*Asks:* 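Structure incoming, see below.
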Amino acid sequence: MDTNKESHPFRCCFDNNKQPFYSLGMFAYPSGNAHMGHVRVYSIVDAIARYKRLQGYEVLNPVGWDAFGLPAENAAIANKVPPHVWTQRNIERMKTQQFGPMGWSFDWSREINTCAPDYYKWTQWIFLQLMQRKLAYKAKAMVNWCDTCSTVLANEQVVNGICWRCSQPTTKRLMTQWFIRITDYAQRLWDGLQKLPQWNKEAVAVQRNWIGRSQGAHIEFVTTDKQIPISVFTTRPDTLFGTAALVLAPEHPLLQQIVAHTNNSKLQQYVQQANRKSQVQRMASKEKTGVATGVFASQALLDHQVEIWVGDYVVADYGTGAVMCVPAHDTRDHQFAQRYHLPIQPVVAPRPGQTADADDLFTQDGVLINSGDFNGMPSAQARQAVVERLQQLGAGEGTVQFNLRDWSVSRQRYWGCPIPVVLCDSCGCVPVAAANLPVLLPSDVSFDEGRACVNPDSAQLRVDCPRCGAPAKRETDTLDTFMCSAWYAFRFADPHNSQAAFDSNIVNRCMPIDFYVGGLEHAAQHMIYFRFLTKFFHDIGLVDFDEPVRQFFCNGMVRKEGQKMSKSRGNVVVPTQVVESHSADALRLYILSDTPSELDIDWEETALHAKQKFVRRNQTLLHAYLTQHPPKNWSDAPLHEATDKELVRTFYSLMHALQHNLNSNEFHNCVARIYELSSLLLTRVQQENTQPTQSELQQAILARMVRDYLAVCSLFTPFSAEELWHTFYSDAPLATAGWPRFDKKILQQATCRYVVQVNGKKRSLIDLPVDANKHVLQQRAMQDQAVQQALVGKAVKRAIFVPNKLINFVVG
RNA sequence: GCCGGAGUGGUGGAAUUGGUAGACGCGCCGGACUCAAAAUCCGGUGGCCUUAGGGCUGUGUGGGUUCGAGUCCCACCUCCGGCACCA
């Protein structure tokens, strides 16, 4: 794709006769070793890119490197090689020795690298934009801490309390950290999910889970002694009258104030213990524990007071960190109440008039009882009514709560994008002026003591405050690498822009991405951040659209013997070795065949051999044929004048089917069609090789078919297809030669195979002319021996006729 | 618990809108070539029955709708994945 501004100053870019198409595989971490996962992602992307090019689209198919991150730093520590050297070396290796030989049709002129200053300058610029709009902020908060990686992690990077990188348990720590206020966008991120029909369904579900929208209410309680207000969040305001207690998370901000005068040592002990427990420990014990505070609270609608408890089953950073405990209608509250003998008062009955037993747990909707004015109301109606009443009383309001938390982005590591902020004793966090970007990584760093240490006295860290000019310090935390990868797709559209992160006109033309490929594991992290930043760009007027990806395709993993390939298991199949032993075409054909690309595949050597055999046979036979019969006048050869009409018809109906498979991303079915095409074509070609019989016209037709075959093969076996094309047809790339075209008329058949059924059971097949009428078919069917046999002694009640398909005799 | 996906031969998996179940591969069996093997090529391959022609049966289980169900509806079972003391 040509997006060069200078060559098209007014329209900014693009061949106006062509539609742009942006295909993208998630960019790679430059570990130095390409693996089968890369082969799968980029082979899928490349098949589509080549398809779209043949169809006449102007295709943007770029590649780059997600180059910041821990492994480079760890390698620096282990090998005493600076991270940028290690990274650059890996990129060179992957590019030339590993990606290159695969023949993926990337536009290498757009290669980007997130650790290059001309890239991270703009990551910093974006951060400043967020900061300016108060969407990036520094705050003291409980964050996930990984000891092994000695850094903070985002919620998205902690799976069941375990660090996603090193698989060690994480703990919670109170730290001052940078956050991105992604929660401001929670509702829009939620709503946007409905507008993504071409996304992998599972990915949408993952996001829906992650954003986790709950409709409910805030309900205000107040302590009876000191009138301290306590707000709870609930999705079940209809159960308010069943409240037996208030339960606060041990970290609840008002807790110490509430219990200040009580001097409850048991309580203080409990709070300390809870804070010491790791997240894993706390989640592991499902037992509900807690301590009563001795302080009571009241609520405007309740005629009884409830005691305030502290329990670590209440999550501090969800909702308000406090819940109303309704034991009769919530599983957890029920367990808690049973343990501490709190009253269990049912307030929702399953059916009108039915009195619920005390102690029973009923969590579904029903009809209200024991709830004053609200008695008799169905739950759904009661939820509204209760909220309305609370609102009138100023004691609560309807609200929406999200699971999504703000994105913690600072990392206490060296090898990341520097946060462009100066820490000043009097001015606080002061953004670096945009004109002074990029803030370069400090070079005064040692990797000697098991971690990267920037010399704290380094002149590079001592700067003057941009606001007051007083001596100040640079922020040494770096940004989460997901920040770098949240906008790389935009940069690809305009990769060398030195004036801006990207030119809006160019990006508006190329994006949203038409076809994005990557693993499902990024559905919750990268894809949320990517969507968020797109909405932000939209809001500040940088782009016209607010969803970055039209079609999101999630590929499956490549396994071996049912297990993930990994060095520690010693079951890694190295792509470059397979290219050497079997060829890139065979590898690519193999990786795209036999199994739908969204499913996991298990590496199978025998199937790979078969693909190599196929490529070889194709090449040999076609080469021999084309040598004997150099293609002439093939481009407009009239297919309808073929003597072998059946060959042409079958061939192009397979082409038609293949295109259908391609449009649905069924690459394995495409390969099946290619096998069928080849079996047709090679049989014919072999005949010609041994005993040529064809007139020039017929040869031209066959040459046209061979060309069309090469065109579709070029998506799956580009090396051999391009080579034959180049040798016998044209010097121009096959990609520019056009997708096979043919008149649909040649697909029409003269005869049709009809199924004859008796009571829905197949009894015979009959060939008749297309569009034969029911009467003719019925007559012929009745003469059929097998049909007659099935009809013996039975009366035909009626016959169902489906044109060009079947006739079904219904007999009694 | 909630959400998403899937159950079809020995195996990976096909089957536009309900209309010939098992496309295309892998494996296996048989044959050709060879002194032999490898490689290559040709043929066969769901199960059961049958001398043949052919018949019966068959898409996780049980019902249902329909002339006709792998496909639609209801109930259930199993597996995979995601989320989760989220109130």
Side-chain angles (χ1 to χ4, degrees), chain A residues 159-160 200-214 216 232-236 239 247 249 282-288 311-326 329-333 335-336 363 401-405 520-521 523-524 556 589-590 593-596 598-602 604-611 613-614 616-617 654 657 660-661 663-664 666 668-679 753-765 785-786 789-790 797-802 804-811:
Chain A
V159 183
N160 292 328
N200 174 296
K201 273 192 186 152
E202 216 174 326
V204 175
V206 166
Q207 292 225 346
R208 192 161 282 140
N209 253 328
W210 194 258
I211 299 168
R213 185 183 189 275
S214 305
V232 303
F233 174 73
T234 180
T235 53
R236 295 293 304 273
T239 64
V247 187
R282 228 163 115 169
M283 288 198 311
S285 93
K286 294 271 173 186
E287 225 165 289
K288 311 281 173 292
D312 71 359
Y313 78 95
V314 179
V315 178
D317 58 354
Y318 180 78
T320 60
V323 301
M324 58 185 212
C325 174
V326 185
H329 305 289
D330 180 278
T331 316
R332 295 145 306 177
D333 296 343
Q335 290 167 2
F336 189 73
T363 56
Q401 189 64 46
F402 293 93
N403 219 342
L404 189 73
R405 316 290 157 91
L520 194 56
E521 70 273 16
L589 191 61
Y590 168 73
S593 67
D594 304 334
T595 301
E598 49 267 81
L599 301 185
D600 288 354
I601 41 175
D602 207 74
E604 218 184 308
E605 203 79 12
T606 49
L608 174 68
H609 282 302
K611 300 301 179 290
K613 219 165 84 181
F614 175 84
R616 216 178 250 160
R617 192 177 132 82
L654 284 168
H660 177 81
N661 294 148
N663 290 336
S664 343
E666 294 165 6
H668 66 305
N669 286 338
C670 293
V671 175
R673 298 294 87 77
I674 286 184
Y675 267 79
E676 290 175 274
L677 285 166
S678 98
S679 130
R753 181 152 293 180
Y754 290 83
V755 180
V756 184
Q757 296 179 339
V758 176
N759 278 349
K761 188 169 244 179
K762 181 181 77 176
R763 290 298 171 182
S764 187
L765 298 171
Q785 220 181 2
Q789 208 177 333
K797 286 186 190 160
R798 61 183 170 127
I800 312 279
F801 172 71
V802 181
N804 295 324
K805 273 229 167 93
L806 62 74
I807 188 159
N808 183 18
F809 295 110
V810 185
V811 299

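Numbers restart at 1 for each chain; the letters A, B, ... are given by sequence-line order, proteins then strands. Keep in mind that this is a model prediction, so the values were computed, not measured.
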*Asks:* Which is true for L520(A) with a 4.0 Å heavy-atom rule: it touches a base, it touches only sugar-phosphate, or it touches nothing?
*Replies:* nothing
*Asks:* Look at the side chain of E604(A) against the base of rG12(B) and say whether a donor-acceptor pair falls under 3.5 Å; ignore hydrogens and angles.
*Replies:* no
*Asks:* I'd like to know whether Y754(A) forms a side chain to side chain contact (heavy atoms under 4.5 Å, CB included) with N804(A), so could you lay out the CA-CA distance, the side-chain angles of the two residues, the decisive distance to 0.1 Å, and finally the verdict.
*Replies:* CA-CA 6 Å; Y754(A) 290 83; N804(A) 295 324; 3.0 Å; yes
*Asks:* Considering only the C1' atoms, how many Å lie between rA52(B) and rG46(B), rounded to the nearest integer?
*Replies:* 22 Å
*Asks:* Take atom P in rU17(B) and the same atom in rA6(B), then report the distance between them in whole Å.
*Replies:* 15 Å
*Asks:* Select one nucleotide: of rU20(B), rG82(B), rA87(B), the one nearest the side-chain heavy atoms of L765(A).
*Replies:* rU20(B)
*Asks:* Between rA15(B), rU17(B), rA87(B), spot the one nearest the side chain of K805(A), thanks.
*Replies:* rU17(B)
*Asks:* Does rC56(B) have a Watson-Crick or wobble partner in any strand here, with both distances under 3.5 angstrom, and which is it?
*Replies:* rG47(B)
*Asks:* Taking only the side-chain heavy atoms of D330(A) (C-beta and beyond), determine which of rA15(B), rG25(B), rA87(B) contains the nearest atom.
*Replies:* rA87(B)
*Asks:* What's H668(A) touching, base or sugar-phosphate or nothing? Going by heavy atoms closer than 4.0 Å.
*Replies:* sugar-phosphate
*Asks:* Would you mind classifying the nucleic acid contact of R763(A) as base, sugar-phosphate or nothing, using non-hydrogen atoms under 4.0 angstrom?
*Replies:* sugar-phosphate
*Asks:* When the P atoms of rG30(B) and rA21(B) are compared, how many Å lie between them, rounded to an integer?
*Replies:* 31 Å
*Asks:* Identify whether any heavy atom of S593(A) sits under 4.0 Å from a base atom; if not, whether one sits that close to sugar-phosphate; answer base, sugar-phosphate or nothing.
*Replies:* nothing
*Asks:* If you define the side chain from C-beta out and look only at heavy atoms, does anything of F614(A) sit under 4.5 Å from S593(A)?
*Replies:* no
*Asks:* Just wondering, do W210(A) and L404(A) contact through their side chains at under 4.5 Å, heavy atoms?
*Replies:* yes
*Asks:* Return the nearest nucleotide to the side chain of T235(A); candidates are rC26(B), rA87(B), rC85(B).
*Replies:* rA87(B)
*Asks:* Within the structure shown, what part of the strands sits under 4.0 Å from K613(A) by heavy-atom distance: base, sugar-phosphate, or nothing?
*Replies:* sugar-phosphate
*Asks:* From rG4(B), rU16(B), rG19(B), pick the nucleotide closest to the side chain of V802(A)?
*Replies:* rG19(B)
*Asks:* Check whether any side-chain heavy atom of D317(A) sits under 4.5 Å from a side-chain heavy atom of V315(A), and report yes or no.
*Replies:* yes
*Asks:* In whole angstrom, what separates I807(A)'s CD1 from rG68(B)'s P?
*Replies:* 16 Å
*Asks:* Reckon V206(A) touches a base, only the sugar-phosphate, or nothing at all at heavy-atom distances under 4.0 Å?
*Replies:* sugar-phosphate
*Asks:* Under 4.0 Å between a side-chain N or O of R213(A) and OP1 or OP2 of rC2(B)?
*Replies:* no
*Asks:* Say we look at rA23(B) and rC56(B): how far apart would their C1' atoms be, to the nearest angstrom?
*Replies:* 25 Å
*Asks:* Any strand is fair game: report the nucleotide pairing with rG62(B) by Watson-Crick or G-U wobble, both distances under 3.5 Å, or none.
*Replies:* rC74(B)
*Asks:* Going by purine N1 to pyrimidine N3 plus the second Watson-Crick contact, or the G-U wobble pair, all under 3.5 Å, which nucleotide sits opposite rA32(B)?
*Replies:* rU40(B)
*Asks:* With respect to the phosphate group of rC3(B), does any side-chain polar atom (N or O) of R208(A) fall under 4.0 Å of OP1 or OP2?
*Replies:* no
*Asks:* Looking at rA87(B), I'd like to know if its phosphate oxygens (OP1 or OP2) sit under 4.0 Å from a side-chain N or O belonging to Y318(A).
*Replies:* yes
*Asks:* Does a side-chain heavy-atom distance below 4.5 Å link T235(A) with Q401(A)?
*Replies:* no
*Asks:* Rounded to whole angstrom, note down the C1' distance from rU57(B) over to rU8(B).
*Replies:* 15 Å
*Asks:* What is the distance, rounded to the nearest whole Å, between atom OH of Y754(A) and atom P of rC67(B)?
*Replies:* 23 Å
*Asks:* Checking only heavy atoms, does the side chain of N808(A) share a donor-acceptor pair with the base of rC67(B) at less than 3.5 Å?
*Replies:* yes
*Asks:* Given that N759(A) and E202(A) both sit by RNA chain B, which one's nearest nucleotide is further toward the 5' end?
*Replies:* N759(A)
*Asks:* Taking the side chain as everything from C-beta on, heavy atoms only, tell me whether E287(A) gets closer than 4.5 Å to Y313(A).
*Replies:* no
*Asks:* What's the closest nucleotide to the R753(A) side chain, out of rU20(B), rU16(B), rA23(B)?
*Replies:* rU20(B)
*Asks:* Using atom NE2 of H660(A) as one end and atom C1' of rA23(B) as the other, report the distance to the nearest whole Å.
*Replies:* 14 Å
*Asks:* Counting any heavy atom closer than 4.0 Å, what does K201(A) reach on the DNA or RNA strands: base, sugar-phosphate only, or nothing?
*Replies:* sugar-phosphate
*Asks:* Roughly, in whole Å, what's the span from CZ in F809(A) to P in rU66(B)?
*Replies:* 22 Å
*Asks:* Using a 4.0 Å heavy-atom cut-off across all strands, classify F233(A) as base, sugar-phosphate, or nothing.
*Replies:* base
*Asks:* Grab the CG-P distance between N661(A) and rA15(B) for me, whole Å please.
*Replies:* 7 Å
*Asks:* Given that K762(A) and S214(A) both sit by RNA chain B, which one's nearest nucleotide is further toward the 5' end?
*Replies:* K762(A)
*Asks:* Return yes when atom CD of Q789(A) has more than 12 non-hydrogen atoms of other residues, nucleotides or ligands closer than 6.0 Å, and no otherwise.
*Replies:* no
*Asks:* Answer yes or no: does a side-chain N or O of N200(A) lie under 4.0 Å from OP1 or OP2 of rG4(B)?
*Replies:* no
*Asks:* Could you let me know what rA87(B) is paired to, Watson-Crick or G-U wobble, both distances under 3.5 Å, or none if it's on its own?
*Replies:* none
*Asks:* If pairing requires Watson-Crick or G-U wobble contacts with both distances under 3.5 Å, which nucleotide is the partner of rG81(B)?
*Replies:* rC3(B)
*Asks:* Identify whether any heavy atom of R673(A) sits under 4.0 Å from a base atom; if not, whether one sits that close to sugar-phosphate; answer base, sugar-phosphate or nothing.
*Replies:* base
*Asks:* What is the distance, to the nearest angstrom, from the CG atom on L608(A) to the P atom on rU11(B)?
*Replies:* 22 Å
*Asks:* Once you round it to whole Å, what is the distance between P of rA69(B) and CD of Q757(A)?
*Replies:* 9 Å
*Asks:* Hey, could you give me the CG/CZ distance between D330(A) and R236(A), rounded to the nearest 0.5 Å?
*Replies:* 9.0 Å
*Asks:* Send over the distance from E605(A) CD to rC26(B) P, rounded to a whole Å.
*Replies:* 14 Å
*Asks:* Sticking with atom C1', work out how far rU65(B) lies from rC77(B), rounded to a whole angstrom.
*Replies:* 23 Å
*Asks:* Taking the side chain as C-beta and beyond, is there a heavy-atom pair between I800(A) and I807(A) under 4.5 Å?
*Replies:* no
*Asks:* Can you tell me, in whole Å, how much space there is between the C1' of rG82(B) and that of rG68(B)?
*Replies:* 39 Å
*Asks:* Picking from rC24(B), rU16(B), rC3(B), which would you name as closest to the side chain of N209(A)?
*Replies:* rC3(B)
*Asks:* Using the C1' atoms only, state how far rG70(B) lies from rU20(B), rounded to an integer number of Å.
*Replies:* 14 Å
*Asks:* From the list rA84(B), rA23(B), rA87(B), which nucleotide is the closest neighbour of the side chain of W210(A)?
*Replies:* rA84(B)
*Asks:* Side chain of V755(A) only, heavy atoms from C-beta on: which candidate in rG25(B), rU40(B), rU20(B) is closest?
*Replies:* rU20(B)
*Asks:* Please classify rG9(B) as syn or anti, treating any glycosidic angle within 90° of 0 as syn.
*Replies:* syn
*Asks:* With both distances kept under 3.5 Å, what pairs with rG22(B), Watson-Crick or G-U wobble?
*Replies:* none
*Asks:* Are the side chains of N759(A) and V810(A) in touch, meaning some heavy atoms are under 4.5 Å apart?
*Replies:* yes
*Asks:* Between rG12(B), rC26(B), rC41(B), which nucleotide gets closest to the side-chain atoms of T606(A)?
*Replies:* rC26(B)
